[in-house]
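Small disclaimer: the values here were computed from a predicted structure and weren't measured. Every chain is numbered from 1 and lettered A, B, ... according to where its sequence line falls, protein lines coming before strand lines.
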2 protein chains.
Amino acid sequence: MTTRPLRADARRNIDAILEAATATLARDPDASVNDIARAAGVGRVTLYGHFENRAALVSAVVERAMADVDAVLQALDLSGDPAAALVRLVDATWAVTLRYGALVVAAERSLPAAEVAAAHGAPRERAQWLIDRGRAEGRFRTDLPASWLVTSLHTVTHAAANSVYDGELATDAAAHAIAATMLGLLTPPGEVVPDVAALTAH
Amino acid sequence: MTTRPLRADARRNIDAILEAATATLARDPDASVNDIARAAGVGRVTLYGHFENRAALVSAVVERAMADVDAVLQALDLSGDPAAALVRLVDATWAVTLRYGALVVAAERSLPAAEVAAAHGAPRERAQWLIDRGRAEGRFRTDLPASWLVTSLHTVTHAAANSVYDGELATDAAAHAIAATMLGLLTPPGEVVPDVAALTAH
DNA sequence: TTCATCTCGAACATCTGTGTTCAAGATATT
DNA sequence: AATATCTTGAACACAGATGTTCGAGATGAA
């Protein structure tokens with residue numbers, strides 16, 4: 001079945017809706033379809049003309065976001081010193097989190113668990129892989145479950161996003177704070193906590 | 001205005017409602033009044049007979065919870081070695097978090113921000129005080145905002161609660177994981193991360 | 001036992017959000 | 001200019017949650 005080409009204004013509206021939905025849901029995961037349509041400068045009926053469901057819309061938004069996230073993460077060099085690689089990973093993850101914020105929550109509420117897990121999977125595995133390598137080289141602590149360490153990284157990043165949103169933390173200060181926090185968090189007991197500044201020097 | 005004494009069954013029901021509401025909301029902050037009434041083994045109308053609003057109910061639940069939390073925290077000795085004191089604080093906080101879980105979220109959704117802030121205030125200040133002391137004694141890192149460190153502690157604790165709920169982490173392992181994670185997180189760059197086991201030895 | 005208090009289901013009003021239908025009008029395409 | 005495609009507000013049906021009212025019946029207090 002060949003899909004007939006969409007009219008130009010339709011394409012334009014679909015893009016506007018996806019863009020608005022991303023921004024709106026990243027701020028408020030409970031945003032109504034109405035809110036999103038209004039943010040896109042489009043009638044609610046038009047939105048439903050392009051997306052079956054609220055779920056279908058969220059799904060499309062998540063897919064788009066994940067493509068972006070994957071592109072950013074794939075372009076990342078995680079070789080070399082594990083601690084330095086972690087700082088690079090954190091910086092990249094931070095940029096992505098700032099952009100997509102609470103979108104995860106929106107996904108969790110209207111998408112089947114399997115789909116959410118799939119979206120979460122890739123970034124988590126990437127972090128896990130780096131942590132495993134750091135552990136193997138004796139740079140990261142091995143006295144706690146690796147999955148817990150990954151969860152901590154993830155959680156701290158989101159906490160930083162909230163802090164920025166609440167005005168407690170400046171956007172640029174946040175990146176440094178997250179990296180520093182995570183290095184401390186990963187350092188094995190009995191070892192010295194590295195300084196972020198020393199790692200980012202080139 | 002003197003309030004007439006309640007009949008015994010009324011008192012009993014009020015207690016049951018508060019108890020059920022606490023447990024139910026700690027699991028699902030979106031639980032409906034219906035769910036809560038059913039969990040309390042009471043008709044919905046009865047519930048509304050004792051509490052004006054959903055908000056009033058949540059408020060009562062939070063008040064009760066905070067009294068308990070305050071009691072636990074006040075009974076805590078935070079003197080001596082800051083790291084050891086932190087481990088004690090973490091253990092106490094952990095117990096409380098396990099009990100009240102997502103109740104905070106429920107509060108955030110149906111209570112005015114001021115009331116939520118007030119409830120949050122006391123425990124936060126307690127943590128902040130200990131961190132400040134540890135910083136003054138050179139045991140905790142001073143290169144990051146203290147408020148950020150407090151937020152991290154708070155966040156990591158909640159992440160652990162979720163992990164336990166998801167079955168990723170055993171309840172008893174979690175307490176150790178949180179304490180270990182936090183010690184690493186607070187250790188100043190250039191210093192050695194302490195071992196939790198060494199601190200809890202008596 | 002008497003009586004005020006309390007319980008409770010059923011039914012109702014209200015609100016908010018989702019999703020659909022319709023018919024008129026705007027716009028891209030050719 | 002002709003036409004298929006697209007947009008749109010208004011109106012509707014529906015679902016779930018909150019909060020209220022009523023009246024019959026259960027229960028505690030004296």
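Taking for each of B:Asp9 and B:Ala31 the nucleotide of DNA chain D with the nearest heavy atom, the 5'-most of the two is the partner of B:Ala31. Residue whose closest nucleotide on DNA chain C sits further toward the 5' end, between B:Ile14 and A:Asn34: B:Ile14. Both B:Leu6 and A:Gly41 lie near DNA chain D, and the one whose nearest nucleotide falls closer to the 5' end is A:Gly41.
For A:Val45, taking side-chain heavy atoms from C-beta onward, the closest of the listed nucleotides C:dA28, C:dG9, C:dC22 is C:dC22.
Ion pairing between a basic and an acidic side chain is recognised when a charged N comes within 4.0 Å of a carboxylate O; B:Arg38 and B:Asp35 show such pairing.
Between A:Asn53 and C:dT18, a side-chain N or O to OP1/OP2 separation shorter than 4.0 Å is absent. In this structure, B:Arg44 does not reach the C:dT7 phosphate: none of its side-chain N or O atoms is under 4.0 Å from OP1 or OP2. An OP1 or OP2 oxygen of D:dG28 is reached within less than 4.0 angstrom by no side-chain nitrogen or oxygen of B:Arg11. The phosphate of C:dC6 has neither OP1 nor OP2 within less than 4.0 Å of any side-chain N or O from B:Asn13. Regarding contacts with the backbone of C:dC8, a side-chain N or O of B:Thr46 is found under 4.0 angstrom from either OP1 or OP2. Residue A:His50 has no polar side-chain atom (N or O) positioned under 4.0 Å from OP1 or OP2 of D:dC6.
Protein atom CZ of A:Arg38 is 14 Å distant from nucleotide atom C1' of D:dG9, rounded to whole Å. Between B:Ile36 atom CD1 and D:dA17 atom P the separation is 12 Å, expressed in whole Å. Residue B:Arg54 contributes atom CZ, which lies 9 Å from atom C1' of D:dA17 at whole-angstrom precision. Between the CG atom of B:Asp30 and the C1' atom of D:dT18 there is a distance of 14 Å, given to the nearest Å. Rounded to whole Å, atom C1' of D:dG28 lies 9 Å from atom CZ of B:Arg12. Nucleotide D:dA17 holds its P atom 14 Å from the CZ atom of B:Arg109, rounded to whole Å. Here D:dA10 presents its P atom at 18 Å from OH of A:Tyr48, a figure rounded to the nearest Å.
Heavy-atom minimum distance, A:Thr181 versus B:Leu144: OG1-CD1, 3.6 Å. In terms of heavy-atom proximity, B:Thr151 sits nearest to A:Glu168 at OG1-OE1, 3.8 Å.
Counted within 6.0 Å of CZ on B:Arg11, heavy atoms from surrounding residues, nucleotides or ligands total 12 or fewer; the atom is thus considered open.
Residue-level contact check: A:Val33 touches the backbone only, with heavy atoms under 4.0 Å from sugar-phosphate atoms and none from bases.
Taking the side chain as every heavy atom from C-beta outward, B:Pro188 and B:Arg135 never approach each other to under 4.5 Å.
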